Amino acid sequence: MIPHNRLLILPEDRAAVDAVLASGWIAQGPAVATLEKKFIQDFGGGSACALSSGTAALFLALKALGAGRGDVVALPTYACSALLNAVYMAGATPSLVDVLLETFCLDPAAMSAQAPGARFVVPVHTYGAIADIAALKSQGLVVVEDCCQSIGGTDGGGLIGAAGDAAVFSFYASKIVTGGQGGLVWSRNVSVSERARDYRQFDGRDSYEHRFNLQMTDIQAGLISSQMTRLAGIRAKRSEIASTYLSALPKGLSTQAGITDEGRMAHRFVVLAPTLAAREGLRLHMAAEGVECRVPIERFELLHRYLKADPAFFSVSERLADTTLSLPIHPSLSDEEVSVVAQALDQFRP
Ligand SMILES: *Cc1c(COP(=O)(O)O)cnc(C)c1O
């Protein structure tokens with residue numbers, strides 16, 4: 001069976017971890033600082049704060065930007081529950097918004113109807129697609145870009161994450177680069193990351209404030225930094241696989257718009273089937289051909305379902321949950337495995 005996801009840890013990644021272990025310092029230290037510097041360099045300034053997870057990064061980005069009790073934070077309902085957890089951790093109130101069928105990203109035009117009174121918004125660059133940040137900024141919103149699935153992607157030449165008030169990354173095991181767990185906040189506004197850094201550093205402070213241990217270890221940072229040096233190659237390989245799948249896509253099936261655009265990170269190749277029955281048919285067909293596919297977000301996982309809001313207001317997200325299937329697209333796939341997936345896809349009749 002070709003697995004939906006597979007780790008790609010190279011000898012140089014192991015060597016990077018070994019170097020940290022040999023250094024005698026494995027907690028948050030110089031390797032974390034190096035990773036943070038890398039983000040500041042790549043974004044051409046600002047400041048960064050590495051953390052224990054993407055969820056911790058979402059929480060601290062919101063908190064550092066001033067979100068708290070009484071604030072409404074708009075979230076796409078087609079997203080993982082980490083977003084809800086982060087908003088509640090910050091003490092704010094979530095308000096859910098539907099997404100666009102073309103990109104699976106938050107629909108900026110739905111903001112005024114679905115999240116009136118929102119001061120904050122967390123658009124997700126879903127599966128590497130490019131959420132419309134300018135349309136949200138023009139509404140006067142404070143924007144935390146969720147780049148957990150788009151790290152290394154660019155939009156019109158600029159790195160994704162540079163357009164909002166803060167950008168959040170995850171290094172969980174299934175993400176584009178990984179430390180097992182891990183997260184990071186980057187912001188052009190230095191005070192945002194400084195507030196996050198203050199919060200994660202609770203020990204030996206001269207005055208007590210409510211802080212918390214959300215630190216990344218140097219072991220994680222060493223592993224992440226090593227993979228970061230290959231990010232351009234990872235993006236190119238994923239893009240090449242996406243092109244192959246796109247050419248094999250039978251009539252009646254589609255995928256996210258712009259998946260093979262220049263600079264776009266293809267974190268997932270998600271097929272959109274015409275009906276739930278066709279999606280289930282595709283899943284069975286691919287499994288019979290030895291390809292493990294996954295439903296990326298099931299209907300019950302949609303955030304409005306968790307919050308028991310009326311599904312009628314979230315028709316695009318409902319449709320995506322019922323009709324999408326994610327194919328293996330990780331860079332560890334061999335050329336032969338890519339052909340097996342593409343051929344199986346090509347042979348499917350919806
Ligand atoms: C993975 C992910 C998160 C959460 O990151 P963790 O590191 O697992 O806490 C948040 N948002 C998106 C879009 C993600 O893909």
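Owing to the predicted nature of the structure, the values given are computational and were not obtained by experimental measurement. Atoms within a ligand are numbered from 1 in the order they appear, just like the ligands themselves.
By the 4.5 Å heavy-atom criterion applied to side chains, Glu337 and Val340 are not counted as neighbours. Contact of the Asp18 side chain with the Leu21 side chain is registered, since non-hydrogen atoms from C-beta on lie closer than 4.5 Å. Contact of the Arg235 side chain with the Thr154 side chain is registered, since non-hydrogen atoms from C-beta on lie closer than 4.5 Å.
Annotation: atom 5 (O) of ligand 1 to nearest protein heavy atom, Ser170 OG, 3.3 Å. Protein heavy atom in closest approach to atom 8 (O) of ligand 1: Tyr172 CB, 3.9 Å. For atom 9 (O) of ligand 1, the nearest protein heavy atom (residue, atom name, distance) is Thr55 OG1, 2.5 Å.
Atom numbering of ligand 1 starts at 1 in the shown order; those under 4.0 Å from a heavy atom of Gly182 are 7 (O). Each of the following atoms of ligand 1 lies closer than 4.0 Å to a heavy atom of Asp146: 10 (C), 11 (N), 12 (C), 13 (C). Against a heavy-atom cut-off of under 4.0 Å, Ser53 is close to the following atoms of ligand 1: 7 (O), 9 (O).
Contact record, Leu58 with Ala86: CB-CB, 3.6 Å, taken as the closest heavy-atom pair.
In terms of N/O distances under 3.5 Å, ligand 1 is approached by Lys175. Considering backbone and side-chain atoms alike, Gly54 places an N or O below 3.5 Å from some N or O of ligand 1.
Within the structure, the closest approach of Cys80 to ligand 1 falls below 4.0 Å when heavy atoms are considered.
Few gaps surround OH on Tyr306; more than 12 heavy atoms of other groups in view lie less than 6.0 Å from it. Counted within 6.0 Å of CZ on Arg205, heavy atoms from surrounding residues, nucleotides or ligands total more than 12; the atom is thus considered enclosed.
There is a path of hydrophobic side-chain contacts, each under 4.5 Å, that joins Ile224 to Leu159.
With a 4.0 Å cut-off on non-hydrogen atoms, Val124 touches ligand 1 through its side chain and not its backbone.
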